[in-house]
K.L.:
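Here it is, the structure, as structure tokens.
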Amino acid sequence: MKIDILTIFPKMFNTLNESLIGKAQEKKLVEINTVDFRDYTDNKHNTVDDSPYGGGAGMLLQAQPILDAFDALENKDIKKRRVILLDPAGKKFDQKMAQDFAESDNLVFICGHYEGYDERVKSVVTDEVSIGDYVVTGGELAAMIMIDATLRFVPGVLGNNVSAYDDSFSNDLLEFPQYTRPAEYKGMKVPEVLMSGNHELIRKWRLKESLKKTFLKRPDLLENHQFSDEELVMLKEIKQELF
Ligand code: ADE
């Protein structure tokens with residue numbers, strides 16, 4: 001996958017050279033290209049923003065430097081390209097969107113600052129996306145979160161036998177509790193069933209714990225969940241045990 005990032009703070013993306021995403025770049029699973037769109041301004045002071053027509057506070061990013069930087073990107077004829085505008089007013093990013101972005105050959109992130117964008121920037125955008133209902137100082141941190149969550153779904157990024165599809169949220173359920181050695185620590189014991197070696201009992205215990213955790217912490221996730229018959233029985237038991 002190729003990722004292009006249009007930003008006026010390209011150095012912020014050095015963070016992506018660390019950890020698993022750094023390794024993914026070394027392994028050529030992803031190529032990350034940052035473009036400083038200030039280099040594309042057509043004015044001698046290299047400004048990228050201006051005040052809004054019609055008046056009002058704040059400055060807007062101009063369309064010209066962003067669209068010229070976009071036009072200069074390679075491989076414009078790539079079929080599976082998504083052009084993502086980071087915007088607190090966009091659709092809220094989630095695990096399903098990360099999975100969907102991971103199917104693309106090319107992701108282009110446009111990172112904004114100041115009060116917003118000239119509306120004409122959106123002429124090339126396929127997705128307007130937010131990381132949540134709060135405002136950060138710029139789109140860079142938001143883009144990095146989306147890039148990290150997306151690349152976890154690209155085969156090979158997490159290493160062998162580890163799948164982002166098993167994570168919390170991937171099936172609308174939070175992950176079950178996990179334990180490692182020792183079997184008892186400061187009087188706190190690992191549930192017997194996990195040491196039983198009985199795979200079917202362990203599977204059932206994990207599924208029920210996932211359901212219980214989701215029911216207690218994030219009941220909203222269950223609204224989208226397609227319950228199996230087994231899960232419906234478990235959920236009934238959970239409610240009886242709790243109330
Ligand atoms: N830029 C500022 N706040 C943002 C948010 N919540 N999501 C995406 N981009 C942003």
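Numbers for residues simply follow the sequence, beginning at 1. Remember, it's 1-based here, ligands and their atoms both numbered in the order they're listed. Since the model is a prediction, treat every value here as computed from it, not as a measurement.
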K.L.:
When you compare the side chain of Ile147 with that of Leu16, does any pair of heavy atoms fall below 4.5 Å?
P.N.:
yes
K.L.:
Can a donor-acceptor pair be found between the side chains of Gln25 and Asn17 at a distance below 3.5 Å?
P.N.:
yes
K.L.:
Within a strict 4.5 Å, meaning less than it, do heavy atoms of the Val30 and Lys2 side chains meet?
P.N.:
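No - every pair of side-chain heavy atoms lies 4.5 Å or more apart.
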K.L.:
Just say parallel, tilted or perpendicular for the rings of Trp205 and Tyr179, cut-offs at 30° and 60°.
P.N.:
tilted
K.L.:
Run through all N or O atoms in ligand 1 and write down each protein N or O closer than 3.5 Å, as a pair with its distance.
P.N.:
from     : atom 1 : to     : atom 2 : distance (Å)
ligand 1 : 3 (N)  : Val136 : N      : 3.1
ligand 1 : 6 (N)  : Gly132 : O      : 3.3
ligand 1 : 6 (N)  : Tyr134 : O      : 2.7
ligand 1 : 7 (N)  : Ile131 : N      : 3.0
ligand 1 : 9 (N)  : Asp87  : N      : 3.4

K.L.:
Using side-chain heavy atoms (C-beta onward) and a distance below 4.5 Å, is Leu73 in contact with Val35?
P.N.:
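Yes - at least one pair of side-chain heavy atoms lies under 4.5 Å apart.
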K.L.:
Can you list everything that forms a side chain to side chain donor-acceptor pair (under 3.5 Å) with Asn33? Sequence neighbours excluded, please.
P.N.:
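With neighbours one apart ignored, the set is Asp4.
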